[in-house]
Visitor: 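Handing you a structure now.
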Amino acid sequence: MFELRRLRLLHELSLRGTLAAVAEALSYSPSTVSQQLTQLEKEAGVPLFVADGRGVRLTDHGELLAAHAARALQLDEQARGELDALRPQSAPVRVAVMQSAAQSLVPPALALLATKEPDLAVYVSQVPPEEGLFELRTRRYDLVVAEQYPGHTREQQPGLLRVSLGRDPIRLALPRGESRAQLELLAERAWVMEPVGTAARQWATQQCRAAGFEPDVRFEIADLTAHVGLIADGVAVGMLPELVRMPTPQDIDLHDLPGAPAREIFVAMRESSTRPAILAVRDALRDAFARRKPQNGR
């Protein structure tokens with residue numbers, strides 16, 4: 001009989017690729033991870049991994065058992081969810097959110113939960129969507145609030161479900177009083193964008209290229225409130241989604257972009273996540289998005 005804890009280590013190794021990454025994610029020592037996986041290999045009676053440079057890679061037997069491990073973890077989660085539904089107090093729900101959702105969706109969602117589920121503990125971490133969606137598969141988080149941009153859909157991962165919250169308009173953001181409100185007229189301006197590799201950066205860059213220029217990105221910053229400050233102070237221009245909270249909206253003008261583009265905001269969860277508490281948090285996020293007050297472009 002395989003031990004579920006060891007199967008989880010093999011599942012983590014199949015996702016993260018190195019023993020060191022598994023150890024760091026689960027707060028184990030690398031030697032502990034190695035010993036447990038070696039024991040699992042003995043129980044299986046076949047080689048599960050082989051040395052590959054400074055790391056290891058799964059053998060065909062290892063890949064096969066890792067796939068079974070993923071299903072075993074799903075069944076374990078489903079069983080725990082059904083048991084949890086019978087308990088008077090639910091286990092905590094862990095949520096990963098991107099910054100704009102942390103600012104605009106989490107506070108009203110938690111306020112809704114406080115009235116409907118006053119004993120439910122919700123732990124929220126602000127992480128990039130790419131990281132959150134990966135860690136959802138490893139079971140670090142129960143829910144992830146993420147986005148996808150027009151023409152840049154995210155990969156559909158097996159075992160994960162998405163619930164769309166709705167469309168979040170993206171607008172050209174300029175210092176107050178800026179007269180050149182057309183994208184093609186901003187080729188010589190300094191731009192602020194999110195870091196390379198993010199969906200937001202890829203999409204914004206493509207909009208500039210479609211307008212006939214390569215943006216001069218002088219400020220590469222993940223914090224969208226910093227974008228607001230740089231634009232308000234007149235040192236940069238940018239593109240901002242509606243969900244971004246603007247502490248000084250009077251210093252920024254928002255203008256519609258061609259085609260009125262919008263990103264899709266969604267909540268992702270595992271198919272095996274049947275706990276009522278997880279579903280309650282998902283529904284609260286959906287209600288909070290539906291009740292938000294849109295900011296009008298000027």
Side-chain angles (χ1 to χ4, degrees), residues 8 11-18 21-22 24-27 70 73-74 77 81 91-110 113 120-149 152-168 170 193-204 220-227 241-245 263-275 277-286 288-289 292:
R8 184 185 180 188
H11 175 65
E12 292 275 348
L13 182 61
S14 72
L15 294 175
R16 300 185 186 278
T18 67
V22 174
E24 182 180 1
L26 300 182
S27 299
L73 291 168
Q74 289 175 350
E77 184 173 34
V93 176
R94 302 183 184 279
V95 186
V97 299
M98 54 191 181
Q99 184 190 33
S100 55
Q103 293 176 335
S104 300
L105 293 184
V106 169
L110 293 180
L113 285 169
L120 176 58
V122 181
Y123 293 87
V124 179
S125 299
Q126 181 183 308
V127 298
E130 293 79 9
E131 177 183 344
L133 290 169
F134 176 82
E135 295 293 352
L136 180 64
R137 298 175 62 200
T138 71
R139 289 171 167 74
R140 173 170 289 185
Y141 302 114
D142 300 304
L143 294 168
V144 176
V145 180
E147 29 72 314
Q148 58 185 10
Y149 284 78
H152 296 269
T153 55
R154 293 188 182 275
E155 180 182 0
Q156 295 283 351
Q157 295 288 349
L160 299 185
L161 293 175
R162 295 182 186 178
V163 176
S164 178
L165 299 183
R167 299 174 74 255
D168 184 28
I170 307 168
M193 291 186 181
E194 294 189 47
V196 171
T198 62
R201 174 63 172 271
Q202 183 181 10
W203 181 84
E220 188 175 287
I221 303 173
D223 185 349
L224 293 181
T225 57
H227 290 218
E242 194 170 80
L243 273 183
V244 175
R245 178 174 293 176
R263 61 178 183 170
E264 179 194 3
I265 309 298
F266 63 89
V267 176
M269 58 187 291
R270 292 181 296 278
E271 291 178 348
S272 54
S273 296
T274 58
R275 283 204 292 137
I278 294 176
L279 302 181
V281 176
R282 180 202 64 187
D283 292 345
L285 288 165
R286 184 165 51 190
F289 187 90
R292 79 195 192 286

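Note: hydrogens, waters and symmetry copies are ignored here, and every other heavy atom, side chains too, is used. One is the number of the first residue; the rest follow in order along the sequence.
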Visitor: Would you call V267 and V281 a side-chain contact if the rule is heavy atoms closer than 4.5 Å?
Guide: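 Of all side-chain heavy-atom pairs linking V281 with V267, none is under 4.5 Å.
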Visitor: Side chain of R292, backbone of F289: donor and acceptor closer than 3.5 Å?
Guide: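 Looks like yes, one N/O pair under 3.5 Å.
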Visitor: Which atom names give the shortest non-hydrogen contact between E220 and P195, and what distance separates them?
Guide: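 Looks like CG-CA, 3.4 Å.
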Visitor: Under the side chain to side chain donor-acceptor pair (under 3.5 Å) test against Q148, which residue among R162, R154, E155 passes?
Guide: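 Answer to the side chain to side chain donor-acceptor pair (under 3.5 Å) test with Q148 among R162, R154, E155: R162.
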Visitor: How many angstroms lie between CG in L161 and CD in Q156, if you round to the nearest 0.5 Å?
Guide: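 Going from the CG atom of L161 to the CD atom of Q156 covers 9.5 Å.
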Visitor: For E271, is the CD atom crowded, meaning more than 12 foreign heavy atoms sit under 6.0 Å from it?
Guide: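 Enclosed: over 12 neighbouring heavy atoms sit under 6.0 Å from CD of E271.
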Visitor: Under 4.0 Å between a Lys/Arg side-chain N and an Asp/Glu carboxylate O for R16 and E135?
Guide: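 The answer is yes: the pair qualifies as a salt bridge.
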Visitor: Which residues pass the side chain to side chain donor-acceptor pair (under 3.5 Å) test with R286, sequence neighbours left out?
Guide: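 With neighbours one apart ignored, the set is D283.
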Visitor: Side chains of T225 and Q99, heavy atoms from C-beta outward: is any pair under 4.5 Å?
Guide: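 A side-chain contact exists here, since the closest heavy-atom pair is under 4.5 Å.
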Visitor: Any heavy-atom pair between the side chains of L160 and M269 that's under 4.5 Å?
Guide: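 When only atoms from C-beta onward are counted, L160 and M269 do not touch, as no gap falls below 4.5 Å.
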Visitor: Distance-only, no hydrogens or angles: does the R140 side chain make a donor-acceptor pair with backbone N or O of A96 under 3.5 Å?
Guide: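 Checked: no pair found.
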Visitor: Between Q157 and L133, is there a side-chain heavy-atom distance shorter than 4.5 Å?
Guide: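 No; the side chains remain at least 4.5 Å from each other.
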Visitor: Side-chain contact test, heavy atoms from C-beta onward, threshold under 4.5 Å: evaluate it for V106 versus Q126 and give yes or no.
Guide: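 No - every pair of side-chain heavy atoms lies 4.5 Å or more apart.
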Visitor: With a 4.5 Å heavy-atom cut-off, do S100 and R263 have their side chains touching?
Guide: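 Yes - at least one pair of side-chain heavy atoms lies under 4.5 Å apart.
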Visitor: How many angstroms lie between OG in S272 and CG in L73, if you round to the nearest 0.5 Å?
Guide: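 That separation rounds to 8.5 Å.
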Visitor: Before you tell me yes or no, could you show the steps for R275 and E77 under salt bridge (charged side-chain N to carboxylate O under 4.0 Å, His left out), namely the whole-Å CA-CA distance, both residues' side-chain angles and the distance that decides it to 0.1 Å?
Guide: CA-CA 9 Å; R275 283 204 292 137; E77 184 173 34; over 6 Å; no
Visitor: Mind checking whether L105 and V97 have side chains closer than 4.5 Å, heavy atoms only?
Guide: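 No, every pair of side-chain atoms sits at 4.5 Å or beyond.
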Visitor: I'd like to know if the side chain of D168 reaches the main chain of P241, judged simply by a donor and an acceptor atom lying under 3.5 Å from each other, with no hydrogens or angles considered.
Guide: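 Checked: no pair found.
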Visitor: Report yes if the side chains of H227 and V244 come closer than 4.5 Å at any heavy-atom pair, otherwise no.
Guide: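 The answer is no; the side chains never approach within 4.5 Å.
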Visitor: Can you tell me which residue pairs pass the salt bridge (charged side-chain N to carboxylate O under 4.0 Å, His left out) test with a partner in residues 92-102, sequence neighbours excluded?
Guide: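 Listed once each, the pairs would be none.
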